[in-house]
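Down below is the structure, laid out as structure tokens.
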Amino acid sequence: MAGNRTFTMIKPDAVRKNAIGPILAMINNAGFRIVAMKYTRLTAEQAGAFYEVHKERPFYGELVEFMSSGPIVAAILEKDNAVADFRTLIGSTNPAEAAEGTVRKLYASSIGENAVHGSDADETAKNEGDFFFSNLERF
Ligand code: UDP
Ligand code: MG
């Protein structure tokens with residue numbers, strides 16, 4: 001059975017574009033309920049830990065630098081089939097390949113600075129939510 005929660009971040013590029021409001025509106029309009037949310041900034045060490053799975057990839061250093069370059073919005077979202085439906089809402093990693101009307105098509109600048117994060121599986125959604133939120137911060 002598909003899980004009903006996913007984890008997202010509105011990345012520093014989208015925050016700098018003043019796109020927090022419109023992206024949250026797209027998330028709510030797509031039927032996701034906000035379980036937990038915070039506005040915060042990652043240190044380079046924290047960004048490196050969050051993206052540890054990518055540490056051997058050539059873009060890792062740039063990714064860590066970018067993700068710690070300014071504040072982000074982190075959130076846990078709830079909906080049936082949350083992980084897959086959220087990936088559909090945000091579109092492909094590379095905005096040049098993202099479908100019309102997706103968050104990345106509308107707000108991403110490049111494959112690196114691509115406006116939003118979305119978990120890739122139920123297990124990663126759980127781990128990523130736990131990285132940011134305690135049980136007292138979930139509703
Ligand atoms: N990324 C990058 N260059 C690449 C691929 C990915 O800078 O060639 C960055 C980008 O910010 C992406 C993140 O690394 O969102 C994680 O990559 P992943 O392949 O997991 O993409 P996602 O799951 O975010 O679509
Ligand atoms: Mg990913």
Side-chain angles (χ1 to χ4, degrees):
M1 195 190 88
N4 65 349
R5 287 188 179 187
T6 191
F7 171 79
T8 187
M9 288 182 284
I10 300 175
K11 297 184 177 184
D13 59 322
V15 173
R16 281 191 281 270
K17 287 178 182 172
N18 277 344
I20 295 174
I23 291 172
L24 289 178
M26 290 178 76
I27 289 170
N28 276 154
N29 290 339
F32 292 89
R33 187 181 76 79
I34 294 166
V35 174
M37 185 162 68
K38 66 176 67 166
Y39 187 50
T40 187
R41 181 174 176 164
L42 295 169
T43 65
E45 188 182 22
Q46 289 166 335
F50 184 89
Y51 283 110
E52 179 121 49
V53 64
H54 293 305
K55 69 173 178 299
E56 305 304 333
R57 308 277 287 277
F59 57 81
Y60 180 70
E62 235 182 328
L63 176 60
V64 168
E65 189 181 341
F66 164 58
M67 287 302 297
S68 57
S69 69
I72 57 131
V73 174
I76 297 172
L77 305 174
E78 186 172 77
K79 180 187 181 299
D80 289 347
N81 201 34
V83 167
D85 285 2
F86 193 72
R87 299 283 309 194
T88 300
L89 178 69
I90 69 177
S92 300
T93 309
N94 184 349
E97 292 163 13
E100 288 301 327
T102 59
V103 176
R104 283 169 166 167
K105 182 70 173 190
L106 289 165
Y107 295 107
S109 307
S110 66
I111 193 170
E113 303 205 359
N114 60 3
V116 279
H117 170 81
S119 304
D120 62 6
D122 290 345
E123 192 190 352
T124 38
K126 164 94 173 63
N127 293 339
E128 291 172 355
D130 289 348
F131 185 94
F132 280 89
F133 298 102
S134 76
N135 285 334
L136 289 170
E137 298 173 304
R138 300 168 199 231
F139 304 96

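Just so you know, ligand 1 is whichever comes first in the structure, and atom 1 is the first atom listed for that ligand.
Evaluation of the salt bridge (Lys or Arg N to Asp or Glu O under 4.0 Å) rule for Glu45 yields no partner, not counting sequence neighbours. By the salt bridge (Lys or Arg N to Asp or Glu O under 4.0 Å) test, Arg138 is found to be paired with Asp130, residues two or more places apart in sequence or in another chain being considered.
More than 12 non-hydrogen atoms from other residues, nucleotides or ligands lie less than 6.0 angstrom from CD of Glu137.
Residue pairs meeting the side-chain hydrogen bond (donor to acceptor under 3.5 Å, both in side chains) criterion with at least one partner in residues 87-111, sequence neighbours excluded, are Lys17-Ser109.
Within 4.0 Å of ligand 1, contacts by protein heavy atoms are made from Lys11, His54, Phe59, Leu63, Arg87, Thr93, Arg104, Ile111, Gly112, Asn114.
Nearest heavy atoms, Thr6 versus Ser119: OG1-CB, 3.5 Å.
Put simply, OH on Tyr60 and CD on Glu52 are 5.5 Å apart, with the number rounded to the nearest 0.5 Å.
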